[in-house]
Amino acid sequence: MTDTNMLKPPPKLKGLDLSKDEVNEAKDENRMLVISIETSNVCNLRCIYCYTGAANKLKDELTLDEYKSILDQAVELGAQKVAIAGAGEPLLDPNFFSILDLIRERNLYLILYTNATLINKDIAKKLYDNPVTVVATLNSMKPEIQNKLCGNVPWAYEKMTRGIHNLMDAGFNRSNPTRMAIDSFMVKETIDEAPEIFRFARRNNIFPYICRVFLGGRAKGKDLDVSNEQFKALVYKLREIDENEFGYTWEPRPPFVASQCRLIYVNMVVGIQGEVRPCYSVFIDAGNIRKQSLKNIWNSELLKNVRDMEKNLKGKCGACELKGDCFGCRCRTFAMTGDVFASDPACWR
């Protein structure tokens, strides 16, 4: 049996390696640390678990001048990092590299979520030469399953895995902390593959961003999700792999593996039409940057209450001894209950 006293905390992901102290200090000072922005709703896949339902360009999407204003206002509020996770595939937005220039010019660091299908060697090199961490999607090592999850797109697996290897060849996984993650939502058809994906990530210094599927967008109403007990068993299995094979240990908590999300304290999301919400799939209207300043929205009652999460949690989450250190997943909770402060139905505690 592994002596857990000899084990280390798991590696972190550059850009999302915010310490608890750093988050708490920013929270106490009412500072933003991360601004999440969406690029165009256009996507080349139709993933059946997509929480935004991305497909085609929407009317009145954000302009480059509006992105510039958003970033300038975010910097004034303390932002150090930018996350782009949707609405569609960011690399399909014709403004993407211009937005990247704006981010670099403001000394901000970008965390880019992508399906990786468009990442050829030239794009991988261009991204590597900028202050960027890439989170690339991969749900299955089996082409037929990955293609099915992508909406029965026959070339999805081939292009996704090629993009991942192009990122590796460019050197994203050769830094410490790593600048590369694999984003893997677990569904019924893929949960048995999680150990293989996890080992691939660990062996290649890639952050394993493994979690349960969000139940909004295209995932809503579909029979995709695993049970709490199935996911609990998986999480403990992956910790066992970490302890016995890689020398890491961590406290299992839903809904992520070997990590904990604290973004809701220091982040907000600006959607592609200017609407603002507390977190990625928490679709509550906090305001619109076309009508209000980012500062006014940040200081709105709604977002202040969200940042005071531990005071407003309900049910077993509100009574849990881990309150303040863990609040489950507010995105999944909102999708399942319609209440961002509700007790997390996915928690197995």
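Taking a 6.0 Å sphere around NZ of K220, one finds it holds 12 or fewer heavy atoms contributed by other residues, nucleotides or ligands.
Y209 and F207 have perpendicular rings, their planes meeting at more than 60° on a 0 to 90° scale where under 30° would count as parallel. Ring geometry for F200 versus H165: interplanar angle over 60°, hence perpendicular rather than tilted (30 to 60°). The aromatic rings of Y49 and F185 sit tilted, their planes meeting at an angle between 30° and 60°.
Between R106 and D72, at least one side-chain N (NZ, or NE/NH1/NH2) sits under 4.0 Å from a carboxylate O, which counts as a salt bridge. Residues E22 and R262 are not paired through a salt bridge, judged by the lack of any N-O separation under 4.0 Å between the basic side chain and the carboxylate.
Under the 6.0 Å cut-off for aromatic ring centres, F283 and F334 do not qualify, their centroids lying 6.0 Å or more apart.
Placement of V257 and I206 in two distinct hydrophobic clusters is found when ILVMFWY residues are connected by side-chain heavy-atom separations under 4.5 Å, directly or transitively. Under a hydrophobic clustering in which Ile, Leu, Val, Met, Phe, Trp and Tyr are joined whenever their side-chain heavy atoms come within less than 4.5 Å, directly or via other members, V235 and I241 fall into the same cluster.
Under the 4.5 Å side-chain criterion, counting only non-hydrogen atoms from C-beta, R202 is in contact with P11. Side-chain atoms of C279 and R330, non-hydrogen and from C-beta on, never get closer than 4.5 Å to each other.
For the residue pair S19 and D21, no side-chain donor N or O sits within less than 3.5 Å of a side-chain acceptor on the partner. Using modelled atom types and a 3.5 Å distance limit, the side chains of N205 and N176 yield no donor-acceptor pair.
With E196 contributing its side chain and E193 its backbone, the two residues share no donor-acceptor pair below 3.5 Å.
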